[in-house]
Participant: 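Have a look at the structure that comes next, please.
Order of the sequence lines sets the chain letters (A, B, ...), proteins ahead of strands, with each chain counted from 1.
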Protein chains: 2
Amino acid sequence: MDALDRQIIAALRANGRATYAELGRQVGLSASAVHERVGKLEGAGVITGYHAVVDPRLVGLGVTALVGIHPSDTGDDDDVAAALARLPEVESCYAVAGDEAFVVKVRVATVDDLERTLGRLRRIDGVARTHTTVVLSTRFESRPNSPEEVAGALLASRAE
Amino acid sequence: MDALDRQIIAALRANGRATYAELGRQVGLSASAVHERVGKLEGAGVITGYHAVVDPRLVGLGVTALVGIHPSDTGDDDDVAAALARLPEVESCYAVAGDEAFVVKVRVATVDDLERTLGRLRRIDGVARTHTTVVLSTRFESRPNSPEEVAGALLASRAE
DNA sequence: ACTGAAAGGGCTGTGCC
DNA sequence: GGCACAGCCCTTTCAGT
């Protein structure tokens with residue numbers, strides 16, 4: 001993982017369909033060299049996949065909510081996580097510190113669907129209670145920020 | 001937006017680097033037809049981009065937190081959102097219903113960095129207070145669930 | 001709106017530095 | 001590890017339906 005790898009990763013985070021030739025031009029390498037590096041990054045699990053990003057509203061999933069999952073005294077976290085993974089409307093699932101065991105992001109079509117989904121969540125074995133925060137608008141999401149940028153910002157913050 | 005478009009979208013959500021020829025094979029269309037459809041989906045804003053997904057830990061961003069942003073009485077939400085967007089460690093930002101104005105997802109290298117970031121967040125004009133939930137593990141994230149699957153699950157739920 | 005053809009370019013393996 | 005080359009496949013455009 002050198003500076004070239006990081007540049008390639010940043011480029012692929014910005015445009016996941018960039019060709020190897022294009023990436024090569026950006027970082028000053030031949031297409032075959034980039035091809036090899038990307039293959040290694042994928043093999044090492046650094047790059048885990050490539051995904052098209054879709055406007056949820058335009059595919060009929062206009063309602064987003066963040067739901068905190070309070071665990072019951074009995075019940076295994078891994079089992080709860082597995083049950084959460086079985087619900088396709090649960091898009092992300094984080095195990096967290098604090099009163100809640102998990103925070104999940106849910107996407108559905110309508111508030112009626114949200115109500116139904118919350119019912120299903122509460123009925124999971126090991127779930128005592130949910131705490132729902134409805135998303136009014138997504139200002140930005142999954143920004144492809146390079147670690148470099150983050151590091152730079154944190155350095156600047158340190159210097160303050 | 002017909003069934004073919006939805007199939008193509010689902011395929012590109014699963015593999016953002018799928019070739020047009022490959023997509024055509026999957027949905028039973030020629031590569032040129034797929035090419036045209038994808039172009040229209042991009043133009044209509046249904047597909048907003050393609051991104052490589054990277055394991056945050058392997059690029060030195062091993063600490064994730066969800067931070068609720070409580071607004072002060074004075075201060076404009078849009079200004080706060082703009083200030084949040086300027087911090088690269090803030091990966092996502094949702095305006096939410098409830099006590100908090102926003103919930104943001106933050107990724108940094110260390111808990112020291114997290115402390116610094118929280119300081120920067122609190123210093124934003126219009127931010128009264130933050131409430132931080134540290135992520136212990138990401139069970140799954142940004143799963144490419146097709147709206148069909150979600151609709152199916154919700155239908156099943158309705159029938160229960 | 002899709003197909004099929006054709007030209008151009010990218011992909012990806014091999015051999016070599 | 002990277003480059004150059006080469007064969008093949010894909011992309012992209014365009015006429016035809």
Participant: Indicate whether OP1 or OP2 belonging to C:dT3 is found under 4.0 Å from a side-chain N or O atom of B:Arg37.
Facilitator: no
Participant: Would you mind telling me which of D:dC3, D:dT11, C:dG10 lies closest to the side-chain atoms of A:Ala21?
Facilitator: C:dG10
Participant: May I ask you to decide whether B:Asp2 forms a salt bridge with B:Arg37, counting only side-chain N to carboxylate O separations under 4.0 Å?
Facilitator: yes
Participant: Quickly, which of A:Arg116, A:Lys105, A:Arg120 forms a salt bridge (charged side-chain N to carboxylate O under 4.0 Å, His left out) with A:Glu89? Name it, please.
Facilitator: A:Arg120
Participant: Please determine whether a side-chain nitrogen or oxygen atom of A:Arg25 lies at a distance below 4.0 Å from atom OP1 or OP2 of C:dG10.
Facilitator: yes
Participant: Which of the following nucleotides, C:dG4, C:dC2, D:dC10, is nearest to the side chain of B:Ser32?
Facilitator: C:dG4
Participant: C:dG4, C:dG13, D:dC3: which one has an atom nearest the side-chain heavy atoms of A:His35?
Facilitator: C:dG13
Participant: Using a strict cut-off of less than 4.0 Å between a Lys/Arg side-chain nitrogen and an Asp/Glu carboxylate oxygen, indicate whether B:Glu149 and A:Arg86 qualify as a salt bridge.
Facilitator: no
Participant: Give the rounded distance in Å between these two atoms: OH of B:Tyr20 and C1' of D:dT13.
Facilitator: 13 Å
Participant: Could you check whether A:Thr19 gets within reach of a base, just the sugar-phosphate, or nothing at all, counting any heavy atom under 4.0 Å?
Facilitator: sugar-phosphate
Participant: Would you say A:Ser72's side chain and A:Thr74's backbone share a donor-acceptor pair under 3.5 angstrom?
Facilitator: yes
Participant: Rounded to whole Å, how long is the line connecting atom CD of B:Glu22 with atom P of D:dT11?
Facilitator: 9 Å
Participant: When you get a sec, tell me which of C:dC2, D:dG2, C:dG10 is the closest nucleotide to the side chain of A:Leu29?
Facilitator: D:dG2
Participant: In whole angstrom, give the distance that lies between atom CD of B:Glu36 and atom P of D:dC14.
Facilitator: 12 Å
